[in-house]
Participant: 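Let me give you the structure first, and then I'll get to my questions.
Computed from a prediction, not measured in an experiment: that's the story for all the values here. In what follows, residues are counted from 1 in the order of the sequence shown.
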Amino acid sequence: MRRRLVLAGTLAAVLAAGTACGGAADDSAASASVDKLVIYTARDKKVTDYVVEQFTGKFPEYKGKVEVLNLGAQEILERVRAEKANPQADVWWGGTQQGLATGASEDLLAAWQPTFAEKMDAQYRDADGRWFGEILLPEVIMYNNKALTAEQAPKDWDDLLAPQWKDKVIIRDVAASGTMRSIYASMIQRLSKDGSDPQPGYDWLRKLDANTGAYAANPADLYLKLSRQQGTLSAWNLQDILLQADQSNMPFGYVIPASGAPILVDGLAAIKGDNTTGAQKFIEYLFDDKLRADLARDYYQIPAVEIADQPEWLAQLDLKPMDVDWNVIAKNETEWINHWNAQIKNKG
C-alpha cells in the first residue's frame with residue numbers, strides 16, 4: 001500500500017509556526033495537511049496543464065502535490081489493473097466508457113455520489129457511481145488540409161477504402177488507444193448489430209489496413225506524420241483535431257461522416273486507494289461551471305453535462321451521431337481488437 005504518512009508532530013509544529021507568522025506559513029500548513037495527488041490521464045497535455053494550474057490556484061494546498069502521468073486510455077486500464085494490490089494513482093482521467101466499465105467490474109474504482117451526478121444523463125455515468133462521463137468525443141475522418149481540400153476529402157467511412165487512398169491513411173496504433181479501439185469496434189458493430197458475426201467488420205478493416213501506410217505509435221507521432229504528408233487521412237476524435245489545428249497550427253481538417261460519427265463517452269473515476277478525498281475533490285472541480293465553459297471555449301470539449309455558456313463552435317456543430325450499441329462493444333471489444341492485432345494489422 002502506498003504510504004502517505006502525515007507526522008502529527010511535524011504538523012503541530014507547522015501549525016504553531018503559522019499562528020506566529022501567518023501568510024506563507026498558513027499555506028505551508030495547509031499543504032502539509034493533504035496527500036500527494038497522482039493522476040493517470042489520457043487527456044492532451046495542454047488540457048491537463050491548464051486544469052491542474054486552475055485546480056491548484058483554487059486549492060493552493062495542492063501546489064507541488066499534483067503528479068500527472070500522460071498515458072493512452074487502454075494503458076491506464078492495464079496499469080491500474082496491474083497495480084490493484086498496491087495502487088499508485090488516485091484519479092483515472094480520460095477513458096472510454098467500456099474501459100471504465102471494465103475497471104468497475106474488476107473492483108478497481110471507488111464508488112461515490114458527487115454533486116454533479118444528479119444533473120448528468122444516466123447514460124453518461126455508472127449507476128453505482130464508480131465512473132462518470134466528462135466529455136463526448138465524436139470520432140470523425142481527419143485530413144491534411146494542405147494536401148486535400150474539403151471537397152476532395154472522403155465523405156463517409158466506406159470512402160476510406162477507395163483505391164485512390166492506397167498508403168495515404170495513417171492510423172494511431174489501435175491496441176493501445178481508447179479512441180482507435182472505439183472507432184474500430186464501431187466499424188465492426190455497424191456491420192453486425194448484435195456482434196454475433198464480426199467477419200464483415202473484419203473484412204472492412206482488412207481493406208482499410210491495405211490503404212494504411214503506417215501505424216503511429218502515439219498521438220504526437222500521428223500528428224507529425226500527417227502534418228508531414230506521410231499520409232493525408234486518418235480517423236480521430238474531433239476535439240484533438242480542433243485543438244491541434246487551433247493551438248499548434250497543424251494543417252488538419254475534419255469530415256463528419258455522412259453515415260454518422262460514433263460518439264464516445266469519455267470519462268473519469270476515483271481509483272480505489274488511500275487518497276479518496278483528494279481524488280474526489282479534483283473530480284468535483286472538473287465539473288465546476290466556469291471551468292467547463294472555459295474548456296468548451298478554449299479546448300473544444302463537448303461536456304457531458306449542460307453548460308449555460310456554450311461557445312459558438314459548439315452551438316453551430318452539425319453533428320450526426322452513428323447508431324452504436326456500446327453494450328455490444330463492451331462485450332466484444334477485447335476479442336475484436338485482439339483479432340485485428342493478430343490477423344489483420346499489416347496483412348491487408
Participant: Can you confirm if the aromatic rings of Phe132 and Phe287 lie within a centre distance of less than 6.0 Å?
Facilitator: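 For Phe287 and Phe132, the ring centres are not under 6.0 Å apart.
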
Participant: Against the six-membered ring of Tyr40, is Arg79 placed for a cation-pi contact (under 6.0 Å from the centre, within 45° of the normal)?
Facilitator: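 Pair Arg79/Tyr40 counts as cation-pi.
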
Participant: Please check this pair: side chain of Arg130 against backbone of Ala101, looking for a donor-acceptor N/O pair closer than 3.5 Å.
Facilitator: no

Participant: Is it possible for you to check whether Arg190 lies under 6.0 Å from the centre of the six-membered ring of Trp204, through NZ or CZ, and within 45° of that ring's axis?
Facilitator: yes

Participant: Between Trp340 and Tyr184, is the ring centroid distance below 6.0 Å?
Facilitator: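 Ring centroids of Trp340 and Tyr184 are less than 6.0 Å from each other.
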
Participant: Nearest 0.5 angstrom please: Lys168 NZ to Leu148 CG, how far?
Facilitator: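 Between atom NZ of Lys168 and atom CG of Leu148 there are 9.0 Å.
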
Participant: With a 4.0 Å cut-off, would you call Asp194 and Lys331 a salt bridge?
Facilitator: no

Participant: For the ring pair Phe55 and Phe282, is the centre-to-centre distance below 6.0 Å?
Facilitator: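 Between Phe55 and Phe282, the centre distance is under 6.0 Å.
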
Participant: Would you say the ring centroid of Tyr299 lies under 6.0 angstrom from that of Trp313?
Facilitator: no

Participant: What residues, two or more places apart in sequence or in another chain, satisfy salt bridge (Lys or Arg N to Asp or Glu O under 4.0 Å) together with Asp221?
Facilitator: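 Partners of Asp221 by the salt bridge (Lys or Arg N to Asp or Glu O under 4.0 Å) criterion, ordered by chain and then number, come out as Lys225.
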
Participant: Testing the basics here: between Ala304 and Gly133, what is the closest heavy-atom pair and its distance to 0.1 Å?
Facilitator: CB-O, 3.5 Å

Participant: Find out whether the Lys NZ or Arg CZ of Lys345 is both under 6.0 angstrom from the six-membered ring centre of Tyr215 and within 45° of the ring's axis.
Facilitator: yes

